[in-house]
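Accompanying notes for the structure given below.
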Amino acid sequence: MASTEAEAPTKQKEGPKVIPNDSAYDSVSMEDIVSLCKRRGFIFPSSEIYNGFAGFYDYGPLGSELKKNVKDSWWRHFVTRREDVVGLDSSIIHNPTTWKSSGHLDGFSDPMVDCKETKLRYRADQLFAAPIILTETSETIGWVCVQEANDADMVKEAKKMAKKYLKDSGHKGAEIDAFAFRDLTQVSEEEMACIPSPGSGEPTLTMPRDFNLMFQTNVGAMSDASSVAYLRPETAQGIFINFKNALGTSRAKIPFGIAQIGKAFRNEITPRNFIFRSREFEQMEVEYFIPPGDDVWQPFHEKWMQESKDYLVSVGLREDLMGWDVHEGDGLAHYARACTDITFRFPFGVQELMGIAARGNFDLTQHSEGSGKALDYFDDATKEKYIPHCIEPSLGVDRLILALICSAYAEDEVGGEKRNFLKFHPSIAPVKVSVLPLVKNKEALVKVARELYESLSLRWNVAWDATGAVGRRYRRADEVGTPFCITVDFETIEDDAGVTIRDRDTTEQIRLPIDEVIPYLSKKIDGY
């Protein structure tokens, strides 16, 4: 006779009581995230057996799967499911004149300062200095200099430095004003002569000067000026120089977009904050071409802002950690009409995650002049010929992955026991399902479980775990963010009672017939 659960194939089985810790992320440090990524096989330091290589990282077994899922998700959302966007995969090395026309050869640089004593190099806009001012007399007795971090950490480090300075200068215990930080691009030469270097602790920093960020290489057998080329510092220019090719072969009409996912390289002066700012990274960008006109670009810009945010939320980014930053004045590129960033609160502070810019027609105009080729568009409806303007939603793959890992970080209490796990959205989780045969020494049971595993593997990345108590296997799956565990037990083979599917977040379980498992999971994972 079939069991009660077999008679009710979707009967809910409540798991242990779950008490979430909603403030867990607030106490997480960047060191915690880096350790988690290495320990669980997401991200490793590159060339680690040779003591690493600053600014470069390797994605491990779970990280490479997560990265692929993120890129596939973005492509489906912004290319496959849209009629007005086509794809492109341009080369990493372009004709060097590309970078002359785009302005990268002359203007793609960061301000840098050098420590004359330690020979260390810093980005000037990532070092913040503040005068030490005695509250009682308003006298400036010295300076502090700290590296960019969240506000609380910068103040904490500055207080530590100021305390030592007060003691050494005979002002121990004196009250000082609140720190008024300025980055080193905003200080005078006279002030720089008083600002201590983070490396030496003494005023040994040079004034800021420009440092070109492009990686130079040589193409061909010769290594002279004629063979110089560059690894692309962004993917956008590959889209602009292929505008005519993509337009003609896709038979597209404006407004339309060209999307690309690809590697880019920047010789960052001080790569930092893990994969947030590295020297080799990947971008996902759309150049969405629109007609010219002062009254045209704004609705497109606002629409792409909303669509970009909707996508980020749909793959599991925590909305409460997101914000907006509107560029104005000097913060706006000279050619841009507008630019708004979607920000994210990382453990090291609020930073740009994604930019949505109204770039005007600067890029197509520059490449048209530089190449001597017309990059205009004839509008059949209005009978006008013009160089299109564009909206550019640009998102870094690596930054998004870091934000997704931060968003997924979770702690709760299950049945009185603390649990740390990753709450990835099922669509991007590196492992979708873990198949668990209740025992591994029952041939008939293992056979059913193995057949189910192989069937699921045709659709998703699935794990097989037959070792240890089921509860311990649940925890292993939770730790790497697997959203579903399927247990094949004795009722499966003896009573034809189906299998148990456990939900990671709630720990609740349902029992389903085996032939209903894939439709159920497909709805949960793929949304259809």
Side-chain angles (χ1 to χ4, degrees), residues 30 34 43 45-47 51-57 92 99 102-130 143-150 153-154 157-158 181-189 191-193 195-217 228-236 263-283 327 330-331 333 341 346 348-353 355 394 396-399 402:
M30 202 58 217
V34 173
I43 302 164
S46 181
S47 312
N51 300 317
F53 200 36
F56 297 92
Y57 294 92
I92 286 172
W99 309 112
S102 68
H104 284 79
L105 268 184
D106 300 322
F108 191 67
S109 58
D110 277 339
M112 109 187 143
V113 294
D114 288 307
C115 175
K116 289 175 279 190
E117 184 172 319
T118 65
K119 310 305 179 188
L120 292 173
R121 181 168 284 176
Y122 305 92
R123 264 182 63 167
D125 58 348
Q126 291 176 358
L127 288 183
F128 288 79
W143 287 75
V144 294
C145 183
V146 298
Q147 296 197 51
E148 181 184 33
N150 62 54
D153 287 346
M154 287 172 61
E157 182 64 21
F181 289 113
R182 284 180 285 155
D183 73 59
L184 295 194
T185 64
Q186 299 175 307
V187 301
S188 67
E189 196 166 348
E191 290 170 327
M192 187 68 90
I195 294 171
S197 163
S200 67
E202 301 294 330
T204 54
L205 292 171
T206 65
M207 286 299 289
R209 62 185 187 277
D210 286 339
F211 172 79
N212 195 287
L213 298 176
M214 287 200 294
F215 277 105
Q216 183 174 308
T217 188
V228 169
Y230 303 90
L231 305 185
R232 65 183 179 196
E234 64 177 31
T235 57
K263 292 271 192 179
F265 306 83
R266 295 181 186 177
N267 194 11
E268 293 282 355
I269 300 166
T270 49
R272 53 205 297 265
N273 291 327
F274 197 33
I275 57 172
F276 178 81
R277 180 173 281 115
S278 54
R279 289 175 168 136
E280 176 184 343
F281 54 96
E282 207 156 359
Q283 292 180 300
H327 292 223
D330 293 341
D341 292 339
F346 295 97
F348 49 83
V350 175
Q351 295 285 346
E352 173 196 349
L353 174 66
S394 177
V397 177
D398 309 273
R399 288 190 181 188
L402 181 57

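Minimum heavy-atom separation, Leu127 to Cys145: CB-SG, 4.2 Å. Heavy atoms only, all atoms of each residue included: Pro45 and Tyr57 are closest at CA-CD2, 4.1 Å. Considering all non-hydrogen atoms of both residues, Ser394 and Gln283 come closest at OG-NE2, 4.1 Å. Taking all atoms of both residues into account, the shortest heavy-atom contact from Glu268 to Pro271 is O-CD, 3.6 Å. Residues Met207 and Val187 come closest through the heavy atom pair CE-O, 3.9 Å.
Ser200 meets the side-chain contact (heavy atoms from CB on, under 4.5 Å) test with Cys115, Glu117, Thr118, Ser197, Glu202, Thr204; sequence neighbours excluded. Residues satisfying the side-chain contact (heavy atoms from CB on, under 4.5 Å) criterion with Pro111, sequence neighbours excluded, are Ala124, Asp125, Thr185, Pro208. Taking Asp153 as the reference, nothing meets the salt bridge (charged side-chain N to carboxylate O under 4.0 Å, His left out) condition, with sequence neighbours excluded. With sequence neighbours excluded, no residue forms a ring-ring contact (aromatic ring centres under 6.0 Å, His included) with Tyr122. Checked against side-chain contact (heavy atoms from CB on, under 4.5 Å), Asp210 has the following partners two or more places apart in sequence or in another chain: Ser109. Scored by the salt bridge (charged side-chain N to carboxylate O under 4.0 Å, His left out) test, Arg272 finds Glu148 as partners (sequence neighbours excluded). Residues passing the side-chain contact (heavy atoms from CB on, under 4.5 Å) test with Ala229, sequence neighbours excluded: Ile93, Pro96, Thr217, Val219. By the ring-ring contact (aromatic ring centres under 6.0 Å, His included) test, Phe346 pairs with Phe276, Phe344, Phe348, sequence neighbours left out. For Asp183, the salt bridge (charged side-chain N to carboxylate O under 4.0 Å, His left out) test picks out no residue, with sequence neighbours left out. The side chain to side chain donor-acceptor pair (under 3.5 Å) search around Asp398 returns Tyr59, not counting sequence neighbours. Applying the ring-ring contact (aromatic ring centres under 6.0 Å, His included) test to Phe215 and every residue at least two apart in sequence or in another chain returns nothing. The salt bridge (charged side-chain N to carboxylate O under 4.0 Å, His left out) test applied to Glu280 returns Lys263, not counting sequence neighbours.
Within the 4.5 Å cutoff, the side chain of Pro233 has heavy atoms near those of the Trp99 side chain. Under the 4.5 Å side-chain criterion, counting only non-hydrogen atoms from C-beta, Glu282 is not in contact with Thr235. Counting only heavy atoms from C-beta outward, the side chains of Trp143 and Pro196 approach each other to under 4.5 Å. By the 4.5 Å heavy-atom criterion applied to side chains, Gln351 and Arg399 are not counted as neighbours. Contact of the Asp114 side chain with the Arg209 side chain is registered, since non-hydrogen atoms from C-beta on lie closer than 4.5 Å. When side chains are defined from C-beta on, Arg277 does not count as touching Arg266, because their heavy atoms never get closer than 4.5 Å.
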Checking side chain to side chain contact (heavy atoms under 4.5 Å, CB included) for the pair Tyr230/His104: CA distance, chi angles, key distance, verdict?
CA-CA 10 Å; Tyr230 303 90; His104 284 79; over 6 Å; no
Take Met112 and Thr270 through the test side chain to side chain contact (heavy atoms under 4.5 Å, CB included) and record every step on the way to the result.
CA-CA 9 Å; Met112 109 187 143; Thr270 49; over 6 Å; no
Let me see the working for Glu157 and Gln147 under side chain to side chain contact (heavy atoms under 4.5 Å, CB included), right down to the final yes or no.
CA-CA 9 Å; Glu157 182 64 21; Gln147 296 197 51; over 6 Å; no
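Note that CG of Asn212 and CG of Asn267 are 9.0 Å apart. Values are rounded to the nearest 0.5 Å. In this structure, CD1 on Ile195 lies 5.5 Å from CG on Leu184, to the nearest 0.5 angstrom. Note that the CG atom of Asn273 and the OG atom of Ser278 stand 11.0 Å from one another [nearest 0.5 Å]. Here the CE-CD distance, from Met214 to Glu234, works out to 10.0 Å after rounding to the nearest 0.5 Å. Of the inter-residue distances, the one linking Lys116 atom NZ with Leu205 atom CG reads 8.0 Å to the nearest 0.5 angstrom.
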